[in-house]
Amino acid sequence: MKRISGAMIALVCLALAAGAGAEEKREKILQAVASCSPSIVKVEFECDRSDGKGAKTFHTTGFIVGAEGLVLVTDVESIDPPVGGSYQKPGEFTVHFDKETEAPASFLGKDEELNLALLRLKETDPDEEEEAGKAEAKAPAIRPLPLSPCETLGLAREILVVNRLSEEKDFLPTFHLLRITAVVPRPAAPPEYHLDGSLSAFSGCPVLTLDGKVVGMVALAPVEPGGGGRTITIRGRTFHIGSRRRRRSPRLLCTGDFEEFLADPSKFLRRKSWVGVRGLQALTEDLAEHFGTEAGGIILGEILKDSPAERAGLVEGDVVVSIDGEAMEIEQDRDVEKFRKRIQRAPGGTMFVLGVLREADGSFAEREIVLEVEEEPVQEYEVEEWEEETFGLRVKPLTRDFLDRQRLPLQTQGVRVTYVENAGFGNLAGLRRDDIIQSVVLVKTPDLEAFQEQMAAVIEARNEEVCFNVLRGGKSLFQCVRPDWKLADKKETEEE
Amino acid sequence: MASRTWSWFPAVLLGAAVWLSGPFAEAAGEAGSFGVVQRQVKKARDRVLPALVRVQPIIETYRGGRKVSRTGYGSGVIIGPEGYVITNYHVAGKAASCICVMANKEEVPAALVGGDPWTDIAVIRLDLKKYQGNTLTWAVLGDSSDVEEGDFVLAMGSPFAMTRTVTFGIISCRDRSLGVMGIDRYQKTGQFNTWIQIDALINPGNSGGPLVDMEGRVIGINARGGSGMGFAIPINVASDVARQLVDHGEVRRSWIGVTFQPIEKFKKSFLGDVSKGGVLVGDVDEDSPASRAGLRPGDIITRLGEETVSARFEEEVYPIAKKVADLPLGASLELEIIRNKQARTLRLVTEPLENVEGDEREFKTWGFTAKEITRSLAREMRLPDAKGVQITGVVGGSVLEKAGVGSGDILKEVGGEAVEDLEGLGGILDAVLEEGKTGLLAKVMKGGRTPKVVALDVSDLVAKASDEEQEPDKEGGDADEETGESY
């Protein structure tokens, strides 16, 4: 009879223990998934197309937070599309809890930098529901997910990302077990978590520890304005690499990243503030040596005309070393983001006392400057287009950011052409997209209202010759058309 | 028996004559006309082909922060016994030197005399001492104002570097308006002339070659082509420019800062009276003679100095633009205008028209190239002023590159000294090395827009300069900077 060695016994025990451990882990996972999946909801909403050619139904995933019936979702661009985008804002949201339960919700607030939005479930009137034929719909059982601090979200930690399948698949829960493989800190922004698996198809879903604590969520990365990709310079030649399309990859946010948002979502509905400085640069050690001062400040670039910074008396080259008595902790250019965000998040009218170094006669002297921030001027994407059907044109009012991008004076007046219909009178006049119409039939067009009146007058008077003065590429140009009014009448009759 | 045999012979002869006078006579007649054309084509060819050259320029250009040489090819035509050759500016206008392949296949060096980007004309001169041929043939220039649609023409040149190529066609349009086109990134061309459009085949390499009429006279310089169409600069324009280039090395033009538009479409709006003429002011440049005189977009100019002007259609605008350009520099000019249907007079003083693209230079020691910002360029780029220089390339690992300065940035200040122009920058950089400064600040406009301060670490350059100073026997200079011998 062979002797059974202690080593063999130990091996067997280990195997049994491992098996038991694996089973225990499995149980924990199942329990965590089961406890959180009822709080995960599917949100459905419809948006009309901006060109009037129908509508599209969108779906997204979110989960209930807080007893007030708040639903946390991602993808701000779809939930609250910008004016002038491809789609109009949705009228109402429908939150599906399961196959039989749904409830309406309304938009409450958004944080564009985190790309998060909050919806609030509406209280439903059972009588109304019955009248609407929804008598059999059950009232949703609102089970908010308790959020936990996310200190445990660290390197090599395992996390669960939980979702629910679609209605066709009975909203069955599904999950992904991932491990954090790197944590990259970023100043004034949530750290970047690298995982050993993909987060695709889990946008808007909660992130749990294996104990079932909700420590984060999966949010889409914010939309990059102007496109993605990078510009690099090799041997003095500039190349663009990567896609120019906007990148919207999912990323992991920890609860700490969005607790401020949850605490007061309405704060995020406020317009950003601005001061009007182009080019903020950190006063780094190597620069400070030449400035003859200490590092840790922000060098101001161009002070825009008619801006809060100009009114405060700031000039290009000033170095901001403190804000409200606190020294700036700026070591490199990306630290400047903290200052920028502080300004942007302050409500309009907030006063900051800046400690500023200004060069005079080869040396720097410090002074205090009081800076009052203002709400950011209306941006180009926020203004509505107006359509002039007879001439086949769409125009928008001029905005400061558009004029700035075009390097045109701020006092430029007119309306910007955003669309010219093929073979329309505008097209025949030679108008192009991005032309700025400055006069119509030799009468100045200061703004959109004036343009609307002028075009109405031209159409009513049936002008034989309609002349536009436009600004194109910064240069003035006259364009003219002799409209065929009979054709326009015929077209209008056909449409009616 | 013999008499019987020969009796039918006259009848046969007569029959043949009758038969031949029918269709064959027609063909014979046609062959005659065709023969006339053929002979004329050959005569025209023989008058100009010996004066045709293939032009191979060696052009110094700037890439990746360095001055590099590249070659190309085009065509040209000899216009005088001194060996002057007309070609296009885009062929040889920036040539450091040229090699011309003559009609007898000899290769002869040539030097640039001058170039005019506004009309895309350049003149080079053959080094006739190196020409071994027996005689030099030069072409006779015709009068492009006499040409008509349908005229037969020959286009001569070196398409795809194939020398001594002749193509045949007709004039499709004697005054084609192509609008103002770009010849460099910002430099425009075609502002002062319409074009002769032809259907003789024009391909890359034909540029600069002669367009020849059936009398063997050059009536145009071929410059553009494609899709079965070709466009030539009328010889009246080209020869005038060539003369100025030969006499002065440049073309001097006046500028008042006005963009003209034809009046036809706007008559009712602006004049209310379709019978009146004039030319519409479309745009007035800022800080220009016209703006200082109070001219505004929408004004109708009816008189320029002593001459009345009128441009109903696009093609009629070019001669007016040329008329303005041909005014003496610094001349006081009275304009009669109509504004809000009221006549008034204004007075302005002409200024020189400057090229949009300025000089470019390599700063070899520092590893970058930069370009002058002319006032015109500043206007085109909508910069606040023309101060500073635009970086056009940086070498990897150079001082500027390490500081994050790249192509497109504008260098405004170095070491506390404002950069006015290329020469000024050269002086500042030389002083930095002489003084032995190892680090200094520079101010740039990133992308021409956003101010940024950068720290330049020049310790390596200073050390290198110091080493070179201590070893004066070693050869200095750089082969790249040697220019070709001038002829």
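All values below were derived from every heavy atom in this structure, side-chain atoms included, with hydrogens, water molecules and symmetry-related copies excluded. Numbers restart at 1 for each chain; the letters A, B, ... are given by sequence-line order, proteins then strands.
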Chain B contact via [X] - which portion, at a heavy-atom distance below 4.5 Å:
X: Leu477(A); result: both
X: Glu464(A); result: side chain
X: Gln281(A); result: side chain

*Most heavy-atom pairs under 4.5 angstrom with chain B, which of Leu287(A), Leu283(A), Val466(A)?*
Leu287(A)
_As an exercise: rank Gly279(A), Gly473(A), Gly317(A) by heavy-atom pairs under 4.5 Å with chain B and give me the winner._
Gly473(A)
Counting only non-hydrogen atoms closer than 4.5 Å, does [X] touch chain A with its backbone (N, CA, C, O), its side chain (CB onward), both, or neither?
X: Glu264(B); answer: backbone
X: Met381(B); answer: backbone
X: Arg449(B); answer: both

*Which of these passes side chain to side chain contact (heavy atoms under 4.5 Å, CB included) with Ile298(A): Lys338(A), Met328(A), Arg340(A)?*
Met328(A)
*From Leu431(A) atom CG to Phe391(A) atom CZ, the distance as rounded to the nearest 0.5 Å*: 9.0 Å
_Spacing of Arg361(B) atom CZ and Leu425(B) atom CG [to the nearest 0.5 Å]_ = 7.5 Å
*Show the numbers, then the answer: is there a side chain to side chain contact (heavy atoms under 4.5 Å, CB included) between Phe266(B) and Phe478(A)?*
CA-CA 9 Å; Phe266(B) 309 100; Phe478(A) 288 89; 3.7 Å; yes
_For Phe363(B) and Phe368(B), take the angle between the two ring planes, folded into 0 to 90°, and tell me which bin it lands in: parallel under 30, tilted 30 to 60, perpendicular over 60._
parallel
*Is Gln479(A) reaching over with its side chain to a backbone N or O of Gly430(A), donor-acceptor style, under 3.5 angstrom?*
yes
_Before you tell me yes or no, could you show the steps for Glu357(B) and Lys371(B) under salt bridge (Lys or Arg N to Asp or Glu O under 4.0 Å), namely the whole-Å CA-CA distance, both residues' side-chain angles and the distance that decides it to 0.1 Å?_
CA-CA 8 Å; Glu357(B) 298 274 356; Lys371(B) 186 191 280 200; 2.4 Å; yes
Highest number of heavy-atom pairs under 4.5 Å with chain A: which of [options]?
options: Gly282(B), Pro384(B), Gly397(B); result: Gly282(B)
options: Val281(B), Leu440(B), Asp457(B); result: Leu440(B)
options: Val454(B), Leu280(B), Val453(B), Asn340(B); result: Val453(B)

*Side-chain ion pair, Arg311(A) and Asp306(A), N-O less than 4.0 Å*: yes
